[in-house]
Peer 1: 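My questions all concern the structure below.
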Amino acid sequence: QVQLVESGGGLVQAGGSLRLSCAASSGRTFNSYTMGWFRQAPGKERDFVAAIWLTPITHYADSVKGRFTISRDNAKNTVYLQMNSLKPEDTATYYCGATLKSLTYTRTRDVSWYDNWGQGTQVTTP
C-alpha cells in the first residue's frame, strides 16, 4: 500500500510551463512501482499522459510527446511531470497512479491497471 499526494498545479498562460510532483509514502518499496500520470477534464474520461518504469523506461501519449517529461527520484519517493509549451487542451485535473503489476506499454495507458491514486492537482491553461 502506498499513499500518493500530487502538487504543483496552477493557472498558467498558453506556452508556459508547470512542474507537477507526486510524493509517495512508501520509501522502501517506491522503486518497485510503475508510476503513471493521467488527466481528466470535467465530464470526460481519465486519459493517459505518461508512465515510467523503474529502469527507467518512459511512455507518453502522442498529444504530449516533445512537451512533457516524466521522471522519478527514488531517493525522494517522488515522480515528476515537467510540462512545457502548455496548451488550452491541457486543462484538466492531473492524477498520479501507482501499481506493482508488470505492465506492457499498452497496459500503462489503461487506468484499470493502477491500484493507487492521489487526490489530483488542477492545471488550467486559458
Side-chain angles (χ1 to χ4, degrees):
Q1 185 76 6
V2 60
Q3 189 172 38
L4 306 174
V5 179
E6 301 98 332
S7 62
L11 190 153
V12 63
Q13 296 298 314
S17 299
L18 285 174
R19 184 177 177 86
L20 306 184
S21 298
C22 174
S25 63
S26 179
R28 184 178 66 84
T29 60
F30 179 73
N31 61 0
S32 298
Y33 286 90
T34 296
M35 306 295 298
W37 283 100
F38 291 74
R39 63 188 181 186
Q40 186 170 20
K44 297 187 178 297
E45 296 182 345
R46 188 170 298 185
D47 294 326
F48 171 76
V49 176
I52 185 167
W53 286 259
L54 56 83
T55 41
I57 300 295
T58 58
H59 182 48
Y60 296 93
D62 289 340
S63 60
V64 305
K65 284 182 179 178
R67 299 189 299 121
F68 291 9
T69 302
I70 186 172
S71 61
R72 67 192 300 162
D73 187 338
N74 292 333
K76 296 182 177 180
N77 303 340
T78 303
V79 173
Y80 305 96
L81 185 68
Q82 178 66 47
M83 305 185 295
N84 299 326
S85 302
L86 283 163
K87 305 175 180 179
E89 307 92 89
D90 297 318
T91 296
T93 301
Y94 284 70
Y95 296 91
C96 177
T99 180
L100 289 172
K101 301 184 182 72
S102 297
L103 301 182
T104 64
Y105 279 100
T106 298
R107 289 178 174 177
T108 62
R109 309 173 71 92
D110 191 339
V111 298
S112 66
W113 288 101
Y114 293 81
D115 305 299
N116 302 279
W117 295 95
Q119 83 290 343
T121 185
Q122 178 67 35
V123 173
T124 302
T125 303

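Basis for what follows: all heavy atoms, side chains included, without hydrogens, waters or symmetry-related copies. Residue numbers count from 1 along this sequence.
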Peer 1: Taking all heavy atoms of Lys87 and all of Thr125, pick out the closest pair and write down the distance.
Peer 2: O-CB, 3.4 Å
Peer 1: In Å, rounded to the nearest 0.5 Å, how long is the span from OH of Tyr60 to CZ of Arg109?
Peer 2: 13.0 Å
Peer 1: Tell me, please, which residues at least two apart from Lys76 pass salt bridge (charged side-chain N to carboxylate O under 4.0 Å, His left out).
Peer 2: none
Peer 1: Give, for atom CD of Glu6 and atom CG of Leu81, the distance between the pair rounded to the nearest 0.5 Å.
Peer 2: 11.0 Å
Peer 1: Given Asp90 and Met83, is the side chain to side chain contact (heavy atoms under 4.5 Å, CB included) satisfied, shown in steps?
Peer 2: CA-CA 9 Å; Asp90 297 318; Met83 305 185 295; over 6 Å; no
Peer 1: Any chance you could measure Thr108, atom OG1, to Ile52, atom CD1, to the nearest 0.5 Å?
Peer 2: 11.5 Å
Peer 1: Would you mind listing every disulfide (SG to SG under 2.5 Å) that reaches into residues 52-126, with sequence neighbours excluded?
Peer 2: Cys22-Cys96
Peer 1: Transitive ILVMFWY cluster of Trp53 at side-chain heavy atoms under 4.5 Å: who else is in it?
Peer 2: Ile57, Tyr105
Peer 1: Apply side chain to side chain donor-acceptor pair (under 3.5 Å) to Arg107 and list each qualifying residue two or more places apart in sequence or on a separate chain.
Peer 2: none
Peer 1: What's the shortest heavy-atom distance between Val49 and Val64, and which atoms?
Peer 2: O-CG2, 3.5 Å
Peer 1: Identify the heavy atoms of Ser17 and Ser85 that sit nearest to each other, and give their distance.
Peer 2: OG-N, 4.3 Å
Peer 1: Ignoring hydrogens, what is the shortest heavy-atom contact between Thr93 and Gln122? Give both atom names and the distance.
Peer 2: OG1-OE1, 2.8 Å
Peer 1: Going through the checks in order, is the side chain to side chain contact (heavy atoms under 4.5 Å, CB included) test met by Thr121 and Ser7?
Peer 2: CA-CA 6 Å; Thr121 185; Ser7 62; 5.6 Å; no
Peer 1: Rounded to the nearest 0.5 Å, what separates atom CG in Asn77 from atom CD in Gln3?
Peer 2: 12.5 Å
Peer 1: So which heavy atom on Ser32 is nearest to which on Leu54, and how close?
Peer 2: CA-CD2, 3.8 Å
Peer 1: Indicate yes or no: at least one non-hydrogen side-chain atom of Phe30 is less than 4.5 angstrom from one of Val79.
Peer 2: yes
Peer 1: How about Pro126 and Leu11: do any of their side-chain heavy atoms sit closer than 4.5 Å?
Peer 2: yes
Peer 1: Linking I/L/V/M/F/W/Y whenever any side-chain heavy atoms sit under 4.5 Å apart, do Ile70 and Val123 land together?
Peer 2: yes
Peer 1: When hydrophobic residues are tied together by side-chain contacts of less than 4.5 Å, even through go-betweens, does Tyr80 share a cluster with Trp37?
Peer 2: no
Peer 1: Measuring only between side-chain heavy atoms, which start at C-beta, is Arg39 closer than 4.5 Å to Thr91?
Peer 2: no
Peer 1: Would you name the heavy atoms of Ser21 and Thr78 that are closest together and state the gap between them?
Peer 2: CB-CG2, 4.2 Å
Peer 1: Measure the spacing between NZ of Lys101 and OG of Ser112 and express it to the nearest 0.5 Å.
Peer 2: 8.5 Å
Peer 1: Residues sharing Tyr95's hydrophobic cluster, by side-chain heavy-atom contacts under 4.5 Å among ILVMFWY, directly or via others?
Peer 2: Phe38, Phe48, Leu103, Val111, Trp113, Tyr114, Trp117
Peer 1: Can you list every salt bridge (Lys or Arg N to Asp or Glu O under 4.0 Å) pair that touches residues 50-63, not counting sequence neighbours?
Peer 2: Asp62-Lys65
Peer 1: Please round to the nearest 0.5 Å and tell me the distance separating atom CG of Leu86 and atom CD of Gln13.
Peer 2: 10.5 Å
Peer 1: If you define the side chain from C-beta out and look only at heavy atoms, does anything of Asn84 sit under 4.5 Å from Phe68?
Peer 2: no
